[in-house]
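Here's the structure we're looking at; comments come further down.
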2 protein chains.
Amino acid sequence: MSTLTLPPQATPAGLAVDIAAFAMHQGELQVLLVERGTLPHARTWALPGGFVQLNEELHEAALRELRTETTVELEPRLLEQFYTFGAVDRDPRGRIVSVAHMAVLPHGTVSVTGGGNTLGAGWFPAHQPPPLAFDHAEILAHAIERLQVRLEYANLALEFLPETFTLPELQGVHEAILNRKLDKRNFRKRLLAQGVLATSGERRSGVGRPAQLYRRAGRLRLVGNL
Amino acid sequence: MSTLTLPPQATPAGLAVDIAAFAMHQGELQVLLVERGTLPHARTWALPGGFVQLNEELHEAALRELRTETTVELEPRLLEQFYTFGAVDRDPRGRIVSVAHMAVLPHGTVSVTGGGNTLGAGWFPAHQPPPLAFDHAEILAHAIERLQVRLEYANLALEFLPETFTLPELQGVHEAILNRKLDKRNFRKRLLAQGVLATSGERRSGVGRPAQLYRRAGRLRLVGNL
DNA sequence: TCAAAAGTGTTTTAACTACACCCATGG
DNA sequence: CCATGGGTGTAGTTAAAACACTTTTGA
């Protein structure tokens with residue numbers, strides 16, 4: 001597992017992945033964090049992540065770390081590498097380069113428990129995270145930025161919701177990601193004009209007037225590269 | 001230089017950088033390639049690149065490789081990491097992960113010669129490159145995509161030009177990067193409305209009517225991260 | 001005076017913003 | 001009947017696209 005035929009001029013560095021995994025809970029954008037159980041930064045919250053194995057692809061490593069460090073029940077709906085953090089001094093253990101990924105976990109992904117070397121796992125407000133280990137605060141900030149960019153031209157918000165959903169729910173996802181309020185009428189106009197939503201006939205009961213249910217009319221998203 | 005205190009679970013991989021360095025020549029977007037002198041892919045054209053040293057930042061490694069593999073006279077005006085290519089089988093020597101960078105070399109960067117392990121270096125049409133080693137064709141394609149995106153909201157095209165330039169020259173840079181023709185009147189309107197150009201008084205003589213010279217009125221670009 | 005390249009305006013269209021009231025339901 | 005949340009339309013503004021002729025210079 002550890003034998004390697006690198007050329008002599010290659011100075012091996014530690015290769016890691018970190019994952020900023022997002023979900024919506026209580027109408028808020030939340031990020032999945034783990035409490036580190038080992039040094040450095042023991043008992044500090046961090047993004048889930050770990051070292052890449054020699055025979056696995058980067059996004060496979062990200063998925064594996066998500067699954068072993070936190071018990072999330074569902075498959076991520078989107079997993080995308082967004083930047084590689086490689087500052088010489090970012091990890092006191094030596095030169096460790098982290099390929100940072102952004103993941104979207106679908107609706108229903110709620111209970112998370114620690115696993116592997118972590119003391120625990122939990123959801124935290126993505127826009128106001130607790131103090132984080134290493135350079136993970138920076139990584140998280142960039143992940144949110146990328147999430148906001150993706151929101152525009154992929155219809156990424158759908159990934160946060162169950163198969164059928166109402167327009168106010170969808171608007172809530174957009175607002176939580178962008179961290180600002182949107183105009184109801186303009187939002188509906190824009191989304192419906194895209195033609196990617198189909199009405200799903202039924203209605204969902206609540207406190208006030210029932211809302212029209214929609215489902216996606218279009219394509220799927222891929223987990224993978226670029 | 002090669003001693004490292006990585007934790008035991010870290011499986012060291014080779015860490016490399018590759019650079020897609022662009023410049024404008026003869027009104028065409030060109031990319032800097034080197035002819036490999038060593039196996040694998042000896043005598044094949046490739047993006048300049050190489051292994052990152054343990055004590056250097058990723059963008060420093062990219063600059064160093066640019067300088068040692070190709071003799072380029074000038075500093076790049078922009079150097080930006082854009083994606084990390086880490087497929088298990090992308091390099092026959094073993095697991096080597098490449099943090100790909102995009103660079104813009106300013107006007108005047110013309111003569112390039114090989115250096116280091118390369119047999120030679122030269123400029124090639126970026127949109128129609130020769131066959132490339134490893135996964136470098138894919139890397140180059142993504143670099144061009146990123147260049148096109150950056151063109152919009154950074155005024156990146158200025159980086160390809162000397163300090164003073166004419167609007168037709170600037171339009172030519174945009175057209176070469178986007179690989180399509182633009183409308184002269186709309187281009188001028190849009191660029192001048194941005195207010196980042198200042199007239200530079202003088203005029204440059206040529207075949208037809210002389211053109212107004214401009215210079216940037218605004219900010220500088222940084223070499224570095226994000 | 002001709003060739004060659006620079007320069008210049010208007011109209012149409014699409015997209016985004018701001019903004020206030022009525023509707024359907026459950027309690 | 002009232003509280004709660006869902007649903008609807010218009011007018012103004014801004015940004016982009018299409019489109020053809022005149023001006024300045026050197027040869």
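Just so it is clear, the model here is predicted, and its values are computed rather than measured. Note on naming: letters A, B, ... go to the chains in the order of the sequence lines (proteins, then strands), and numbering restarts at 1 for each one.
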- For A:L182 and C:dA18, give me the distance from atom CG to atom C1', rounded to whole Å. 14 Å
- Query: Rounded to the Å, how far apart are A:D183 CG and D:dA11 C1'?
  - Reply: 14 Å
- Query: Between C:dT10, C:dG7, D:dG9, which one does the side chain of B:L167 approach most closely?
  - Reply: C:dG7
- Message: Please check: side-chain N/O of A:E60 versus main-chain N/O of A:E57, any donor-acceptor pairing under 3.5 Å?
- Response: yes
- Message: Between B:R190 and D:dA16, is there a contact of a side-chain N or O with OP1 or OP2 at under 4.0 Å?
- Response: no
- Here the distance between atom P of C:dA6 and atom CG of B:L191, to the nearest Å, is 15 Å
- Query: Should we count CD of B:E163 as having more than 12 external heavy atoms under 6.0 Å?
  - Reply: no
- Task: Output the single nucleotide from D:dC19, C:dG7, D:dG9 whose closest atom is nearest the side chain of B:N186.
- Result: D:dC19
- Is any side-chain N or O of B:R185 under 3.5 Å from a base N or O of D:dA20, one able to act as donor and the other as acceptor? yes
- Around A:D183, counting heavy atoms of other residues, nucleotides and ligands shown, do more than 12 lie under 6.0 Å from its CG? yes
- Message: Is the phosphate of D:dG7 approached by A:R188 (side-chain N or O, under 4.0 Å from OP1 or OP2)?
- Response: yes
- Item | Value in whole Å for how far the P atom of C:dA5 lies from CG of B:L213 | 17 Å
- Item | Base C:dT17 to side chain A:K189, donor-acceptor N/O within 3.5 Å cut-off | yes
- Quick one: A:Q171 CD to D:dG7 C1', roughly how many Å, whole number? 12 Å
- Message: Tell me whether the rings of A:H142 and A:F85 are parallel (<30°), tilted (30 to 60°) or perpendicular (>60°).
- Response: tilted
- Message: Please report the distance, rounded to the nearest Å, between CZ in A:R209 and P in C:dA24.
- Response: 5 Å
- Item | Between P of D:dG7 and OH of A:Y214, the distance in whole Å | 6 Å
